[in-house]
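So the structure is just underneath, and the comments pick up after that.
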Amino acid sequence: MGSQEYAEKSADIPRCEIEVPHPCCLVIFGASGDLAKRKLIPSIYRLYRQQLLPRGFFVLGLARTPKTSEQFREDMRIGIRETLPEECDDTCWRNFSSILEYRTVEYGEPESFRKNIADVLPLKEGIAGTGGNRVFYVATPPTIYEDIIFSLQAAGLSREQGNTVKIVIEKPFGRDLESARRLNTVLLQAFEERQIYRIDHYLAKETVQNILMFRFANSIFEPLWNRRYIDHVQITSAETLGIEQRAGYYEKAGVLRDMFQNHMFQLLSLTALEPPALFSHNRVRDEKAKVFQAIRPFNLDRLDETVVVGQYGKGICNGKAVYGYREEAGVAADSVTPTYAALKVNIENWRWNGVPFYLRSGKRLKSRTTEISIHFKQVPHMMFPSTMGNNIEPNTLLLRIQPDEGITLEFQAKNPGSRFCLNPVKLNFSYPANLVLDAYERVLLDCMQGDQMLFIRDDLVDLTWSLLSPLIDRLESLSDIPFPNYAAGTEGPAAALLLAERDGRRWKPL
């Protein structure tokens with residue numbers, strides 16, 4: 001039996017909206033790691049159940065850890081049971097596991113790539129009928145990226161010869177401008193830009209993709225989407241979790257590298273970009289580039305006007321006492337790695353000049369939320385000052401990325417039964433609780449289909465690092481930041497509130 005008998009049916013979203021890609025194989029480097037076990041293989045499994053994988057498809061897992069294909073399959077079965085407990089039925093798993101294979105490789109040795117990939121794939125591709133189309137997914141620590149790219153090139157695996165060859169790179173893409181440029185140079189020596197897919201899974205969330213649809217498919221909003229009507233924009237990504245078991249990575253990264261260079265700046269670009277002439281991946285990415293080019297560089301001599309960083313101390317989060325960052329396992333007792341940052345960004349173009357964008361992201365905050373709030377200007381003349389006071393809130397449009405995905409428009413309406421009493425009311429749209437595709441499923445499908453809309457182009461990486469690298473270097477040179485400066489379970493450092501209050505504005509409460 002094939003996957004047809006085990007497809008999940010969705011009554012809410014027509015099947016015709018999701019295109020099944022052409023036959024191909026997926027080669028995963030780092031297949032013994034946590035990302036493959038918790039995200040990639042469960043996502044492939046769900047696509048299999050939904051009949052969204054081509055008939056000609058298989059997965060080849062590669063890593064340095066010695067194990068057999070049988071051991072690999074059992075590890076992945078455990079991962080699927082933990083991640084998708086309600087979807088792992090034995091019969092479907094038995095059919096799915098037959099498309100999983102595993103081999104051991106040494107990442108920096110081209111001969112190992114020739115023996116375990118170049119000499120193995122053609123036979124398997126002939127049996128599966130993939131047409132030789134390949135997707136290489138690099139799910140390893142960033143320090144190994146260059147070894148893998150070099151070995152792929154040396155083994156002749158990066159070239160296209162009547163087939164398609166793609167490479168997917170996970171974030172972080174470099175840790176500063178210099179390292180990002182180096183990685184781009186190495187990539188472009190082995191692959192062409194059209195073959196390279198730099199992943200940012202935030203962009204694959206349905207609610208993020210809907211930003212463009214909402215803006216440009218509704219004529220009542222786009223005419224208001226500018227400095228004449230919008231007072232300011234807030235973009236928030238708050239987490240209640242700490243660093244979990246990622247101290248080794250986070251101590252070297254910090255919140256600006258981990259969240260702002262990719263996720264936060266991508267949300268900013270989608271909110272601020274001009275309408276492209278055509279909805280195609282390169283036209284949209286061209287407009288993103290123009291946004292980053294228009295951002296005013298941060299004044300490194302007056303940091304307090306545009307940036308606040310923080311680090312959480314011990315506190316109460318979700319009703320439980322939690323450690324401070326410096327008490328977390330693997331973190332230095334005197335660490336100055338920021339776990340929170342708030343930025344004031346100014347975009348100097350005709351649409352946004354004078355409209356500040358306030359961005360904040362942090363760990364161990366009061367609540368978990370990712371959202372974009374558009375704050376419109378106050379009405380030019382308040383007709384009701386004597387009866388209403390001057391506390392009527394301006395209209396706010398809230399794009400909820402996660403959780404409780406949806407859109408809310410808040411406006412004023414007369415309170416029923418009263419003579420002169422206004423109350424804020426909300427128009428609310430919520431996405432279905434169970435979306436057909438999650439973020440990793442979406443990006444895997446798009447990559448197989450050759451759609452680069454949700455992936456980052458090389459010039460966008462360069463532009464975002466050009467903005468943030470000088471800021472990060474300046475912050476890391478300071479030795480007098482009083483960390484920790486916010487308790488776990490709060491809204492962040494008190495100084496972050498001043499970033500907006502100095503402009504006569506205030507942050508939306510978490």
Side-chain angles (χ1 to χ4, degrees), residues 1-8 15 18-63 65 67-84 87-105 113 116-139 157 163-168 197 436-438 440-450:
M1 293 184 181
S3 61
Q4 298 288 330
E5 290 84 356
Y6 307 102
E8 290 185 331
R15 301 280 298 173
I18 303 175
E19 179 183 350
V20 176
H22 295 298
C24 66
C25 72
L26 176 65
V27 180
I28 301 175
F29 294 100
S32 63
D34 197 48
L35 178 61
K37 183 177 180 179
R38 291 192 308 108
K39 293 292 186 181
L40 298 182
I41 296 301
S43 293
I44 291 294
Y45 177 77
R46 286 201 75 231
L47 293 174
Y48 180 86
R49 284 177 60 88
Q50 296 180 81
Q51 303 178 44
L52 293 174
L53 292 178
R55 289 188 178 276
F57 179 83
F58 67 92
V59 175
L60 176 61
L62 301 166
T65 305
K67 66 174 65 178
T68 65
S69 290
E70 289 72 23
Q71 291 172 325
F72 174 66
R73 292 177 188 127
E74 183 57 29
D75 289 344
M76 296 304 105
R77 184 176 189 176
I78 292 171
I80 290 173
R81 280 179 168 171
E82 292 174 349
T83 308
L84 307 169
E87 298 185 37
C88 188
D89 72 81
D90 291 339
T91 308
C92 182
W93 165 255
R94 189 162 53 249
N95 286 281
F96 173 74
S97 65
S98 66
I99 67 172
L100 303 180
E101 298 287 340
Y102 181 89
R103 281 187 171 259
T104 304
V105 296
F113 276 49
N116 293 290
I117 308 175
D119 294 345
V120 170
L121 281 182
L123 177 60
K124 294 184 176 297
E125 289 168 336
I127 295 172
T130 66
N133 301 318
R134 302 165 181 175
V135 176
F136 295 111
Y137 199 115
V138 184
L157 290 162
N163 59 340
T164 62
V165 178
K166 300 158 187 169
I167 183 167
V168 182
Y197 291 72
V436 171
L437 298 178
D438 73 10
Y440 271 95
E441 292 162 22
R442 178 77 270 166
V443 294
L444 284 166
L445 275 184
D446 281 1
C447 180
M448 287 187 274
Q449 292 164 348

### Message
Go through it in stages, so that I can follow the logic: the residues are Arg49 and Asp89, the test is side-chain contact (heavy atoms from CB on, under 4.5 Å), and I'd like the CA-CA distance, side-chain angles, deciding distance and then a yes or no.
### Response
CA-CA 10 Å; Arg49 284 177 60 88; Asp89 72 81; 2.8 Å; yes
### Other residues, nucleotides, ligands: >12 heavy atoms within 6.0 Å of Lys39 NZ
no
Closest approach of [X] to [Y] (non-hydrogen atoms, all atoms of both residues):
X	Y	value
Ile117	Leu157	CG2-CD1, 3.7 Å
Pro21	Pro54	O-CB, 3.4 Å
Ser32	Lys67	CB-NZ, 4.1 Å
Val59	Ile44	CG2-CG2, 4.3 Å
Val135	Cys447	CG1-SG, 3.7 Å
Ile28	Ala36	CG2-CB, 4.4 Å

Does any part of the side chain of [Y], heavy atoms only, come nearer than 4.5 Å to the side chain of [X], both counted from C-beta?
X	Y	answer
Cys92	Tyr45	yes
Met448	Thr164	no
Leu40	Leu35	yes
Phe29	Ile167	no
Cys25	Phe57	no
Leu444	Glu441	no
Ile80	Phe96	yes
Lys37	Met76	yes

Nearest-0.5 Å distance, [atom1] of residue [X] to [atom2] of residue [Y]:
X	Y	atom1	atom2	result
Ser97	Ile41	OG	CD1	11.5 Å
Leu47	Arg442	CG	CZ	9.0 Å
Glu19	Leu52	CD	CG	11.0 Å
Leu84	Ser43	CG	OG	8.0 Å
Leu60	Glu101	CG	CD	7.5 Å
Phe72	Leu62	CZ	CG	9.0 Å

### Message
Tell me if a side-chain donor or acceptor on Arg73 pairs with a main-chain N or O of Leu100 at a distance below 3.5 Å.
### Response
yes
### Query
Any donor-acceptor pair under 3.5 Å linking the side chain of Ser69 with the backbone of Tyr102?
yes
### Query
Would Glu125 and Asn163 count as a side-chain contact (heavy atoms from CB on, under 4.5 Å) if you check the C-alpha gap in whole Å, the side-chain angles of each, and the deciding distance to 0.1 Å?
CA-CA 11 Å; Glu125 289 168 336; Asn163 59 340; 5.8 Å; no
### Message
For Tyr48 and Asn95: C-alpha separation, side-chain torsions, deciding distance, then whether side-chain contact (heavy atoms from CB on, under 4.5 Å) applies.
### Response
CA-CA 10 Å; Tyr48 180 86; Asn95 286 281; 3.2 Å; yes
### Task
Determine, stepwise, if the pair Leu121 / Phe58 fulfils side-chain contact (heavy atoms from CB on, under 4.5 Å).
CA-CA 10 Å; Leu121 281 182; Phe58 67 92; 4.0 Å; yes
### Ion pair check, Arg46 and Asp438, cut-off under 4.0 Å
no
